[in-house]
Structure formats: structure tokens, C-alpha cells
J.: 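Quick one: structure below, then a few questions.
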Amino acid sequence: MPAPDLNHLLARNLPPWLLRFAGVPGNASFARAEREAGDTLARVAAVCARTLGVTPTPPQLTAAAALRAGYGVEMHTGEGKTLAGALAAACHAFEGRRVHVLTANDYLARRDAAWMGPLFAELGITVSSIGQRSGTQDRRRAYTAQVLYASVSEVGYDVLRDGIAWTDAERVHPHFDVAIVDEADAVMIDEAVSPLVLAGDSAARPQDFAREVAVVQTLLPGEDYEVDEQGSTAVLTERGVARVERALGIANLFDGAGDSGESLSRVNVALMAMAIATRDVDYVVQDGAVRLVSASRGRIARGQRWPDGLHAAVEAKEGIPASLPGVILDSVTIQELLGRYRSLAGMSGTLLAVAEDLAEFYRLRSGSVERDVPSVRVDEPAALFRTREAKHQAIAEEVVLRGATGQPVLIGTQSVEESEALAQLLAERGVDARVLNARNDEAEADVVAAAGDLGAVTISTQISGRGTDIRLGGAAEERREEVLAAGGLRVIAAGYYPSRRLDAQLRGRAGRRGDPGSTRVFASLEDELVRLNAPDFLLARLARRSRRAGEAARADRDLGEIVRASQLIAEALRLAQHRTTWGYSLAISKQRAKVLRHRAEILGSDRALREVGEEDPPLRELLETRAGRPAAEQACRDTALWCLDEAWSEHLGLLSELRDGIHLRALGGEQPVEAFHSEALRAFDGFFAQLYARVAAELAALDPTDLAAAAAAVVRRPSSTWTYMIVDNPLGSNADRAARGLKRVLRGSRLV
């Protein structure tokens, strides 16, 4: 099906004043309001040229008009999404709307707010940004601005923190009016069902897996344990079980009578940490801590931890002191968060590939904006190999060949480990490559900006969302003519990604705004995408043809078919998981909304005292008589907030355990999602009645003559909180999938 043309969509669906600026023929007669609205975009464009020294191009004006009207917009790399988003945000601000421009990371939020600041200042529009290091008061002030730049996760974490606040001074009050989402396909689709989690410290001591990890380190793969084809689960063999039992002094590892199965659970966690979680792929060790790597971004995932003891086991594996455990206080998916906005729009260089998904999950229509300058990039046929080693050797030869002409080369990889392996291989051939991965992602702007310089060789894990343009001839383009003569930027993909969109994002780095450039993919049967998703019948056919004389050409065609099929399967799995996970999340979302509304009433009124009075009238009378009404209200409020937060945390734990096993209902002919909804409703029934029975019981045990001090001694708030993201996606890393599998054997721990 041909790609939707945004001009055509605009002509059918936008009012005349927008059509005028989109370059689409429209109605010649304009109402006064339409003229004023159109004049807004014209005024913003004029101020842009004066303050930023940049005159918006027709594609940027088209994109700004579409974003303002609530569309998803595909703009090719280098066409100026940042400026288009700012133009749309300014138009919204002139109408009295509050706008959040949601970016991929903190760096882009700071950069874009500062970059577009002169434009907004000249227009009299207040602008701000927030990041991980922003304090409560800074955040509160930032949310009062007409335009806010922030990563979507930071806004989500502010929502979660506001949800456990005990005073209004602790809240920052995010305002959900208009959202313009940058890198919309990654945020709204790839990360949409990944829960943002708020955790608090618990009374439990840190888990120490040093003993179990030491034992597991002596085991041999293939003899003492086996790893499944997906690379997500490791299982002890009979020989491995015997060795573990001898080392730990346990008669029967599977006899849980003595320790309720704790030994088996701890060994399983240690085995996963050793066999599945791979250093420099799933995580890096930096500043004396285990830091996880975002599979979709290629960056360190700040504040992210694996749940259920796996993080502590990896720390033991690396000889790092165990972190404090915690309990989950609340969580929210990015899709649920984006659903709070009154108006939603998004932009990306590869949006049309998920246009149907955006319509299904967000009711967001999407279209494309034509390039300002036609592309002359050359995308060469893929080079396919049987082994990873052969692929790497071919890439190295290609880089040496291009380097001899001075042509800059950008190599896109999918892991820290592969990026560093290629860098080492190139170093052996005398090529000094700059590496951008999770080890040094703080230097990304400088590394990416220099990737187009004469003779530059750059290796990057996941180039999408990096946000910095690659300019030919260096950041200042002083050697641009030499690079043009050498053929422009050469992009090499070290394998296909689990999504064709990510392939397109990497290719889009070459041939920016009509520049020359070329791309090629180097893939092998040993790439993770193929190993995890290749159909068995295609692999078997390839093996047969490889053994037959005269069928080499057909076998080579099979290689391409296997790789293409693997990618299609990965994309189908992602979409199926999105639908399923969102189905599960809907029930929790509705219950969370009820709990938060009730909590807000407790925080801002005497609701808690009234509920206690209905639950136990004599108790209320006693409290008011002996302590006075103000003290009674305060004690009831604090106790109710504490009990509510604990009850909701316990309910989330119950639903998590329920979901882990709900798929088994399919064996009985039930639909797992429908069964989950029914069970979730049943578990939530009577939630508030049970809450106030618990509150009344706690208050009844207090000394009414000194109620404030007694309540303060009993009520326990987390002394610290932290945030992280759980990847709820079959296309996450092996360690992500292992962490989810461990939940089934560690349900009692409730540890982050």
C-alpha cells in the first residue's frame, strides 16, 4: 500500500488556514478566527527567521501545521523535526494551551529548550526543561511554563511521585494538555507498554548471592546446565543439580520443605545472572555499579534495575556490594501516561511503518512530509554470511577500502560487545574508530557531530534518537567539499534490527538533505535476530541445499529469505505483545485512577475522618473528644495515606503474580486477558472498605491523649525512593526476558 501523503490528508481534513501554510489548495474565503489562527503560524515563522537565523522550509511548515492539528508526522532525517515541533508548540501556546514536547532523553530536552529559547522569548512564550537532576522546586516551576521540554519517562516519574505525596508542597503538578512526541515510533510503540516504576526502600536487608554465584561459576555449559534457543532461560541438568547439592551441602535441591524452596530459587537467580545476563551487552560496570543498557537506545538506562533478585545476583557476579532491595510503590505504562493528554501528536523519521499501530492504540492518524531536497542516497544490496566472524571480517575490509579514499564511515551495531569487537578488529588493521556506546554515551553529541568528517570511522550502538545531525566535513563542515568528492557518508549496518524502522533510521543518516551517501547491511546467520526468530524449515532447507552440488546460488537466496523472515517474525511478536500487554494494563489503569482520585480526596479534605466515623463511630467520637478534631483529622489522614499506599502496593504485587500464571487459563479454553480482567476486578472488590477497616484498627491501637505523636510513631513512609523501567517486551534483551521468567519462581520476594 502506498505511503499516505500528508498533503492529501491535510487537504481532506484540515481547515483552510492550515491548508494555506501547508501549500495545499484550500477555500479562498476565511472566517476571522481562521485568519487569526493562520496569522499565528506566519508570525511564528517570521520570528524564527529573525531570532534563530533559520527560515522554515515548506516541509517544516507543513509538519508544524499537521502537528498542531494532532497528526503523526513522518519527516526524513535532517529535515528539521526540532524546529517543526517548536513552531507547533508556539502556535498552541498562543491559543492558551500548555505544551509538553516529549523527547528521547534529558540531553535532547535541555538542548532543544535552549536552542529554541530565543524564538519562544521573542514571542513572549515561557519555556523550560526538566531532567533527572532537576529538584522538586525546579520541576514545579518548569511545569508552569507554557512549553516544557522533557523526556517522557521524567514526566511519568513525576506523576508517580505526585501519587505518593503527603503534602501539596511535595507535588509538582504536571499538566496534561498538549503533547508533541519526538521519536514517536520509539516512544509510542516500542516503549509504550514498558512500565515506569516507582520503588521505595523496604525493611529487608540486601540480598547476598555471593555463595550461589561462586558455585554456579564452577558449572560447565552443556554439561551442568543448558540454555534454551531463545537465550532467555538456563536450566540445570541432573549432573548440575548434583554438583550444586554437594557444593551447598543440600540433600535435595528440589525439596522445599526446609526453606520453602528458597535454595532452589536463589540458585536459579544466580544461574540466570551467570548464563544469561551478559556484560557489555545487557549491562556495563561503571563507577562501581551495574548499569543496565537500553536495548532500544544503546544507552545506559539511568535508574533501571532488574527485579526479583537478578540485579543483586549480577552485582555478586561482578564483585560489587549488593544494592538495597525495595518494594514497588506504583507503576504506569508510557501508553497510559500519553493517554492523559487532551491533544496528542508525534513526529519521527520512520513513522509510517507503524501508522496502523498508532491508529489502533492512540487513534492518531499519520502522514508523511515530502523532502525539501530529493534524496540521492544509494542503498546497496545486503551482504549475507554464514558466520559472525566472516561478517566482521567483511566489514573491516569494507572500512579499510573506504578509508583509503577519505570517505567517512558510520557503523551501526546492536550491542556494546559487538561495537568494541569491531573497533578491536579495525585497530588491528590500523584504523582508529571512535566508538559511541553505553560506556561513553555522555560524549555522544561530539562523536556523532564528527562522524561525517574526512576519513572518520564511527561505531555506534543504536543511532536512533541520538538527536545530533551528521554534517559532512565535520561539525563546522570545513572539509565538506572533500567529503562530497569521496562519496559522502557511508553507513554500514552490522546486522538487521528487530524492526525495519530501525534499519531505516540508520540508513537515514546518509544522504541528508540531498547530500550523496550510500548504505549497506552486513548480516549473518549467527546474528541474534536470526538465532531467536529464524523458522526451522528455512534453516533445514538451507542446510540441504548447502550439501548439494550446484545449489550454491539457491542457498545464497535462502540466506536472504531467512533474514527477512526473522525480521518479520520479530515485528509480529512485538505487535502481538503490545496488544496483549495493553489489554492487561487496562484493568490496572482503571483501578489506579480510582485509587488516585480517592487519595487526592484524603489529601485535600476530612474524607479519612468521615470514613473512619462510618466504619467505627465510637472510635471517631473518642478521637475527637480526647485529641480534638484537628489532631483527629491529621492522624486519620496520615494513617489512611500510609495504609492506602501499602494496600495499593500489595494489590499490584497480587496482580503481578496473577498475570505471571494467567496464560495457563488458555489450556482450559479461557481467554487469558479476559480472565485477568475478571480476576483483577474480583481482587479489587471491597478495596476501600478493607482499607478503612485497616485504618480504624491502626487508630484504635493508638494513645488518644497524644494522638499526633502516637500516629507519627506508627506511620511509616519510605525514607527514599527510586525509579526504573521494566522492559515488558519479547524483543528486549536476553536478560530482560530472563528477569520476567524468574518472577514465576520468586513471587514471595517482592524485591526490585
Side-chain angles (χ1 to χ4, degrees), residues 136-137 160-173 198-206 324-330 591-592 594-654 683-722 748-752:
T136 300
Q137 294 307 315
L160 293 174
R161 283 186 286 257
D162 271 14
I164 65 164
W166 281 39
T167 66
D168 188 67
E170 297 175 14
R171 305 178 72 188
V172 298
H173 298 289
L198 182 69
D201 52 0
S202 72
R205 296 167 59 186
L324 288 172
V327 292
I328 293 178
L329 303 176
D330 200 1
Q591 293 175 3
R592 176 181 292 106
K594 290 182 180 179
V595 169
L596 290 178
R597 283 196 300 269
H598 195 97
R599 196 180 191 283
E601 291 182 14
I602 294 174
L603 195 60
S605 70
D606 64 347
R607 176 72 182 267
L609 181 61
R610 287 186 280 111
E611 292 285 355
V612 168
E614 292 183 11
E615 175 69 28
D616 190 340
L619 175 62
R620 172 178 177 173
E621 183 178 353
L622 174 65
L623 295 177
E624 289 187 325
T625 301
R626 301 289 295 275
R629 183 175 176 87
E633 283 187 10
Q634 182 71 30
C636 288
R637 186 187 72 91
D638 290 352
T639 305
L641 289 174
W642 165 51
C643 291
L644 177 61
D645 291 346
E646 288 210 333
W648 178 243
S649 178
E650 292 165 3
H651 183 69
L652 286 177
L654 176 64
F684 194 67
D685 187 38
F687 180 88
F688 294 107
Q690 296 171 25
L691 166 68
Y692 284 104
R694 184 171 176 176
V695 172
E698 292 288 347
L699 289 168
L702 301 181
D703 179 5
T705 61
D706 193 4
L707 191 58
V714 171
V715 170
R716 296 184 299 275
R717 295 187 65 189
S719 59
S720 63
T721 61
W722 58 90
S749 70
R750 307 306 325 142
L751 296 182
V752 178

J.: Might you work through the salt bridge (Lys or Arg N to Asp or Glu O under 4.0 Å) test for Arg620 and Glu615, ending with a clear yes or no?
T.: CA-CA 9 Å; Arg620 172 178 177 173; Glu615 175 69 28; over 6 Å; no
J.: Would you kindly say whether Trp166 and Glu170 are connected by a side-chain donor-acceptor distance under 3.5 Å?
T.: no
J.: Please confirm whether the ring centroid of His651 lies under 6.0 Å from the ring centroid of Phe688.
T.: no
J.: Are Leu329 and Leu160 packed together at the side-chain level, in the sense that at least one heavy-atom pair is separated by less than 4.5 angstrom?
T.: no
J.: Using a 3.5 Å distance criterion without hydrogens, assess whether the side chain of Asp162 forms a donor-acceptor pair with backbone atoms of Val172.
T.: yes
J.: Look at Glu650 together with Arg694 and state whether they make a salt bridge at an N to O cut-off of under 4.0 Å.
T.: yes
J.: Checking salt bridge (charged side-chain N to carboxylate O under 4.0 Å, His left out) against Asp330, which of Arg599, Arg592, Arg161 comes through?
T.: Arg592
J.: Could you check whether any side-chain N or O of Ser649 sits under 3.5 Å from a backbone N or O of Asp645, counting only pairs where one atom can act as donor and the other as acceptor?
T.: no
J.: Just how far is it from atom CD1 of Ile602 to atom CZ of Arg597, taken to the nearest 0.5 Å?
T.: 13.5 Å
J.: Taking Asp606 for its side chain and Leu609 for its backbone only, find out whether a donor-acceptor pair lies under 3.5 Å.
T.: no
J.: Are Leu623 and Arg629 side-chain neighbours, meaning at least one heavy-atom pair lies under 4.5 Å?
T.: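 Counting from C-beta outward, Leu623 and Arg629 never come under 4.5 Å.
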J.: Inspect the surroundings of CD in Glu601 and state if more than 12 heavy atoms from other residues, nucleotides or ligands are less than 6.0 Å away.
T.: yes
